[in-house]
Amino acid sequence: MSKKNALPVTRADDFAKWYQVAIAEADMAEESGVRGCMIMRPWGYGIWERMQRLLDDRIKATGHENCYFPLFIPLSYFAKEAEHVDGFAKEMAVVTHHRLKAGPKGLDVDPQAKLEEPLVVRPTSETVIGTAFARWLQSWRDLPIKINQWANVVRWEMRTRMFLRTSEFLWQEGHTAHANEQEAVDETLMILEMYRQFAQDDLAMPVVAGEKPENERFPGAVSTYSIEAMMQDGKALQAGTSHYLGTNFSEAQNIRYQDKEGQFQFAHTTSWGVSTRMVGGVIMSHGDDDGLRIPPRIAPYQVVIIPMLRDKPEDEALLEYCKSIRQSIAAANSLGEPVRVHLDSRSGKAAQKRWAWVKKGAPLILEIGGRDAEGGNVTLLNRCDLYQENGKLASQLIAKDDIAQTVSGLLSDIQEQLFTEAQARTESNIRSDIDTLDALDAFFKADKHAGWLEVSWSKPTGEALVAVEEQLKARKLTLRNVPSGKEIAEGICIFSGNPAVERILVGRSY
RNA sequence: CGGGGAGUGGCGCAGCCUGGUAGCGCACCUGUUUUGGGUACAGGGGGUCGCAGGUUCAAAUCCUGUCUCCCCGACCA
């Protein structure tokens, strides 16, 4: 008997289709009818909420405070930083009116209600926050300023994909101001490392942290750093960015202070963010042909109990048994937190519910029937180890008294297993021994899901960099980042033949 | 924004070419059956065919416009 998977499409057949089906089948999110905007359903939003909580703890632990700035930004704020406005001008949603009135075909914009100055729906908040910084900052004693906000932003993208690129998305954006370059660069790199740890420890998603090349910099930044994750189709996902903005925004917005000598100095600022794109990264890092596999640290429910109800009087006793199991599991800790356990007592077939939770990627599923209750057992299914070699489900019988401890141990094992698996996949798909464009072409032609190359290059700028970009663009490739620690290289540049300066990652990307 | 495809009960689709009673599978509801692995049978409910115009005695079907989604490009977290 051949194994039947829970999803109708496999990753190998059509990865893009698999991604969409996996999201739909897991009740993560759905289209909203508004271009590029999605409805996040409880399971999808619940995962985001877990990410938020874990990252928020890290942000606060590193000395940042949360605050909130408005959704609307006066258009004129963008005029001040030339590169910044260039970068975002083509994708801004703009509010021009504040009232509707009845027209011949229903409601229409009231021309009388035109705003004197249009308001931009924030694509990012450097401009408003910088304006506030300019007011808040007077003295060297006010520094550093370290804030963060959790917000929604809008970028009018031409092509959207669930979680990966939506017109509106949720994120955190951190903004800091410092006395000098060294402190600001230290902050930028500290945040990069915080993101790396968050991705690896909480999302079980291995990433490569490093500096983006000049052409991939955030508009207005002096330097941009990213964490890059490799999806199962070999493509790179930029999963978080941290920018050193120098004094570019300070000079544009007059963010300055008097130093100990009474001299005016421009502050050095940073900004950094991760978004709901991370959810897409988790799906494409860990999902399999049976649906999602959510790492325990971010799973809204880590354990789901499914009673095998029969619409008979004995159901009541079974439910009581399940509740006692739930209670003992909820009292246990795993990965430093109380175990999140859910009793799915809705009326319905147990087998249906089982497959629904498999597709959602709940790490552990406990199926409990009358036979289990009588014997004082539970039947456990591990989402990351679903099948036996013969293709049958790998259910295990666990004694009631052992279940809390078993669950606790398994959850931390699964967290580690998902990371180890993804890391092995990522590492084995980065080639670093290729030094000619012919070999590069061969690498990417050999496999439609080819990974990345780490190559030597001469770090060109200006025209020369544009030439490299064009060489890559013709191959549907992009420069990802220069992994931290790879800033020095010998040999020659794969693109130009000039002496190499550093090692850089090249790959297809989302 | 350029090229391609598509919008018909909750989901997936057929019907359109050649205009004439809106269909199928899954899901859903009810009942019976079954019960340790996505049960089976019977009955039932649910759609003015994306939206707006037009042609026609008559439009899911033909014409025009528009909105939305998917795929491939260019742009980006």
Side-chain angles (χ1 to χ4, degrees), chain A residues 4-6 8-9 14-17 19-21 24-25 27 30-38 86-92 104-106 123-124 152-173 195 212 215-219 224 226-229 236-243 271-281 290 306-312 314 347-359 365 367-375 377-379 381 386 391-395 397 469-470 473-474 476 478 509-510:
Chain A
K4 178 187 163 195
N5 289 111
V9 189
D14 186 342
F15 196 80
K17 183 91 186 285
Y19 178 72
Q20 288 167 225
V21 169
E25 292 288 320
D27 294 335
E30 61 192 26
E31 298 297 340
S32 63
V34 178
R35 183 187 216 103
C37 295
M38 65 178 178
D86 277 357
F88 286 105
K90 284 174 288 184
E91 52 186 51
M92 296 215 264
K105 291 180 180 177
T124 179
N152 57 337
V153 290
V154 169
R155 298 183 187 176
W156 213 258
E157 301 288 353
M158 286 301 133
R159 187 170 164 206
T160 59
R161 307 186 103 215
M162 290 265 190
F163 290 108
L164 301 178
R165 191 180 299 102
T166 46
S167 301
E168 177 190 13
F169 57 93
L170 306 184
W171 75 346
Q172 58 72 215
E173 48 179 323
Y195 284 163
K212 301 293 276 185
N215 60 314
E216 301 272 348
R217 261 181 219 148
F218 176 74
T224 287
S226 71
I227 51 171
E228 304 279 333
L237 185 73
Q238 181 172 307
T241 49
S242 184
H243 315 290
S271 70
W272 28 277
V274 305
S275 71
T276 35
R277 168 178 277 191
M278 280 284 197
V279 178
D290 293 301
I306 302 175
M308 303 178 77
L309 302 174
R310 293 176 178 180
D311 293 325
K312 298 252 168 75
E314 56 263 34
S347 170
K349 301 282 195 270
Q352 292 283 349
K353 290 196 265 184
R354 173 179 68 229
W355 288 106
W357 287 109
V358 164
K359 288 186 281 190
I365 297 169
E367 299 183 303
I368 303 180
R371 201 183 300 166
D372 296 306
E374 275 173 38
N377 296 315
V378 303
T379 300
L381 197 57
L386 262 190
K392 289 187 177 172
L393 286 172
S395 303
L397 205 62
E469 268 190 281
E470 278 170 9
K473 197 171 279 184
K476 296 185 184 181
T478 56
S509 76
Y510 276 98

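Chain letters run A, B, ... following the sequence lines, proteins first, then strands; residues in each count from 1.
- Between A/Phe218 and A/His243, the angle of the ring planes stays under 30°, which puts this pair in the parallel group of the 30/60° scheme.
- Of the C1' atoms belonging to B/C49 and B/U32, the separation is 36 Å, rounded to the nearest Å.
- Among the protein residues, A/Gly273 comes within range of no part of the nucleic acid, since none of its heavy atoms lies under 4.0 Å from any strand.
- A donor-acceptor pair shorter than 3.5 Å can be found between the side chains of A/Asn5 and A/Asp290.
- Across B/C29 and B/G36, the matching C1' atoms stand 27 Å from one another, rounded to whole Å.
- The same atom, P, is picked in B/C1 and in B/G20; the two are 37 Å apart, to the nearest Å.
- A/Ala356 comes within 4.0 angstrom of nothing in the nucleic acid, heavy atoms only.
- No hydrogens or angles were tested; on distance alone, nothing pairs the side chain of A/Arg354 with the base of B/G38 as donor and acceptor under 3.5 Å.
- Checking A/Pro219 against A/Ala373, the closest nucleotide of RNA chain B that is more toward the 5' end is the one next to A/Ala373.
- Both distances falling under 3.5 Å, in either a Watson-Crick or a G-U wobble arrangement, place B/C1 opposite B/G73.
- As judged by a 4.0 angstrom heavy-atom cut-off over every strand, A/Phe218 is placed among residues making no nucleic acid contact.
- Counting any heavy atom pair closer than 4.0 Å across all strands shown, A/Ser167 reaches no nucleic acid atom.
- Spacing between B/C13 and B/G47 at atom C1', rounded to whole Å, works out to 14 Å.
- Nucleotides B/G43 and B/C24, compared at atom P, are 13 Å apart to the nearest Å.
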What nitrogen or oxygen pairs link the protein and nucleotides 24-34 of chain B at under 3.5 Å?
none

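- Using N1 to N3 plus N6-O4 or O6-N4 for Watson-Crick, or N1-O2 and O6-N3 for G-U wobble, each under 3.5 Å, B/A6 pairs with B/U68.
- The base-pairing partner of B/A60, taking Watson-Crick or G-U wobble contacts with both distances under 3.5 Å, does not exist among the strands shown.
- Residue contacts shown for A/Ser275 include a base, since a base heavy atom lies under 4.0 Å away.
- Using N1 to N3 plus N6-O4 or O6-N4 for Watson-Crick, or N1-O2 and O6-N3 for G-U wobble, each under 3.5 Å, B/C17 pairs with nothing.
- Rounded to a whole angstrom, the distance from the C1' atom of B/C70 to that of B/C63 is 26 Å.
- A/Phe169 comes within 4.0 angstrom of a base, heavy atoms only.
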Under-3.5 Å N/O pairs linking protein and nucleotides 70-74 of chain B:
residue : atom : partner  : partner atom : Å
B/C70   : OP1  : A/Glu31  : OE2          : 3.1
B/C70   : O3'  : A/Gln20  : OE1          : 2.9
B/C71   : OP1  : A/Gln20  : OE1          : 2.6
B/C72   : OP2  : A/Arg159 : NH2          : 2.2
B/G73   : OP1  : A/Lys476 : NZ           : 2.5

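- At a cut-off of 3.5 angstrom, the base of B/C76 holds no donor-acceptor pair with the side chain of A/Arg155.
- Across all strands shown, A/Leu164 has heavy atoms under 4.0 Å from base atoms, whether or not it also approaches the sugar-phosphate.
- Within the nucleic acid shown, A/Glu157 comes within 4.0 Å of at least one base atom, counting heavy atoms only.
- Side chain of A/Ser32 to backbone of A/Cys37: a donor-acceptor contact under 3.5 angstrom is found.
- Straight-line distance between the P atoms of B/G3 and B/A74: roughly 16 Å, to the nearest whole Å.
- When heavy atoms are screened at a 4.0 angstrom cut-off, A/Gly36 is found touching the sugar-phosphate backbone but no base atom.
- Pairing of B/C24, defined by two Watson-Crick or G-U wobble distances under 3.5 Å, is identified with B/G12.
- Residue-level contact check: A/Gly87 touches neither bases nor backbone, having no heavy atom under 4.0 Å from any strand.
- A/Thr379 comes within 4.0 angstrom of a base, heavy atoms only.
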